[in-house]
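First up is the structure itself, then whatever we jot down about it.
Each ligand, and each atom within it, is numbered from 1 in the order the structure gives.
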Amino acid sequence: MSDENQHFEISKQKDYLYVIKENISLVHPVYTNDPLNIYLLLGSHTALLLDTGCGLSPLKPIIDELIGERKLLVFNTHYHWDHPLGNVEFGEVYIHENEVDLVSKPYDVSYFKDSPNEIVKIYAEQNYLIPPAKTIKSLKDGEVFDLGEIEVKVIHCPGHSPGSICLLTSTGELFTSDVAYYGDQFLPKRENFPEVLKTLSKLIDICEKYKNLEKRNLELYPSHRKYPCDISLLTDLYKGIENIENLWDTKKPFDFFEAWQIDDDKFRYFISRA
Ligand SMILES: [Zn+2]
């Protein structure tokens with residue numbers, strides 16, 4: 001199934017899990033983490049949509065068709081532009097309490113004014129201010145939502161952003177948002193790396209405990225590129241970020257992101273200078 005203009009690519013991963021993919025490089029070629037993975041979980045009575053994407057093409061009609069009579073919950077993994085810009089289509093959206101204020105206001109995407117890509121005219125028509133959802137509700141670490149035969153637990157994972165969340169399901173999936181994926185990494189200032197590493201080690205712990213208890217591995221579903229992944233995504237990223245201090249002299253400025261760029265054999269890191 002796909003929408004008329006093929007903006008989204010939709011695939012059914014499991015009976016209860018759909019992946020809706022959107023290419024964010026359409027907005028600006030500087031973004032290479034294609035696709036963005038928007039996830040839709042179907043419980044017996046409630047569905048959960050994880051992120052609403054770039055706001056370039058109607059998403060709600062697609063979701064309505066997939067969920068049937070179920071109630072819908074909409075979560076944002078975090079506030080970065082490629083995750084919440086479709087929020088306005090949905091009446092009510094949840095995000096971690098640290099980022100409620102950020103997505104309650106019109107979202108300023110004026111940094112795309114100079115994009116060479118034609119699709120940004122959709123943002124230009126809105127004066128580069130994308131309206132928010134009518135109601136924004138806050139999520140807290142440890143909160144559990146019952147979708148009917150699937151329970152979803154919110155895990156606060158600060159580092160990539162102050163209110164990043166991951167979701168752990170009772171069916172054995174860990175949605176890792178932008179906290180972990182294979183692709184370009186957007187990291188906070190170097191002095192905040194301990195928080196990033198603490199979050200990754202918390203997730204590694206969750207994977208190990210799950211394996212000991214359930215005798216099988218959690219499947220990791222990141223918000224960008226490849227899925228499902230396994231625990232090695234977390235350990236690769238942990239080792240890579242820990243090693244950045246040894247590569248610090250190789251850093252190059254990357255002005256579009258106000259960042260330092262450092263590459264190793266697995267990842268390209270953009271470390272905030274702002
Ligand atoms: Zn992000």
Problem set entry | Of all N/O/S atoms in His160, the name of the one nearest the Zn ion (ligand 1) |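 This residue's closest N, O or S atom turns out to be NE2.
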
Exercise. His80: which N/O/S atom is nearest the Zn ion (ligand 1)?
Worked result: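 Nearest to the Zn ion (ligand 1) within His80's N, O and S set: ND1.
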
For this session: Kindly assign one of parallel, tilted or perpendicular to the pair Phe112 and Tyr123, based on the angle between their ring planes and the thresholds 30° and 60°.
Result: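 If you compare the ring of Phe112 with that of Tyr123, the planes turn out parallel.
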
Exercise. Is the side chain of Lys153 donor-acceptor paired with the backbone N or O of Ser170 at a distance under 3.5 Å, no angle test?
Worked result: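 No, the answer is negative, given that no donor and acceptor are paired below the 3.5 Å cut-off.
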
For this session: Kindly say whether Asp114 contributes a backbone atom to a donor-acceptor pair with the side chain of Tyr111 at under 3.5 angstrom?
Result: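 No; zero donor-acceptor contacts below 3.5 Å.
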
Problem set entry | N/O/S atom of Asp178 inside 2.8 Å of the Zn ion (ligand 1), strictly under |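 Coordinating: yes.
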
Exercise. Can an N, O or S atom be found in His83 less than 2.8 Å away from the Zn ion (ligand 1)?
Worked result: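 False for His83.
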
Exercise. Which of these, Lys226, Lys14, Lys211, sits in a salt bridge (charged side-chain N to carboxylate O under 4.0 Å, His left out) with Glu219?
Worked result: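 When salt bridge (charged side-chain N to carboxylate O under 4.0 Å, His left out) is applied between Glu219 and each of Lys226, Lys14, Lys211, only Lys14 qualifies.
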
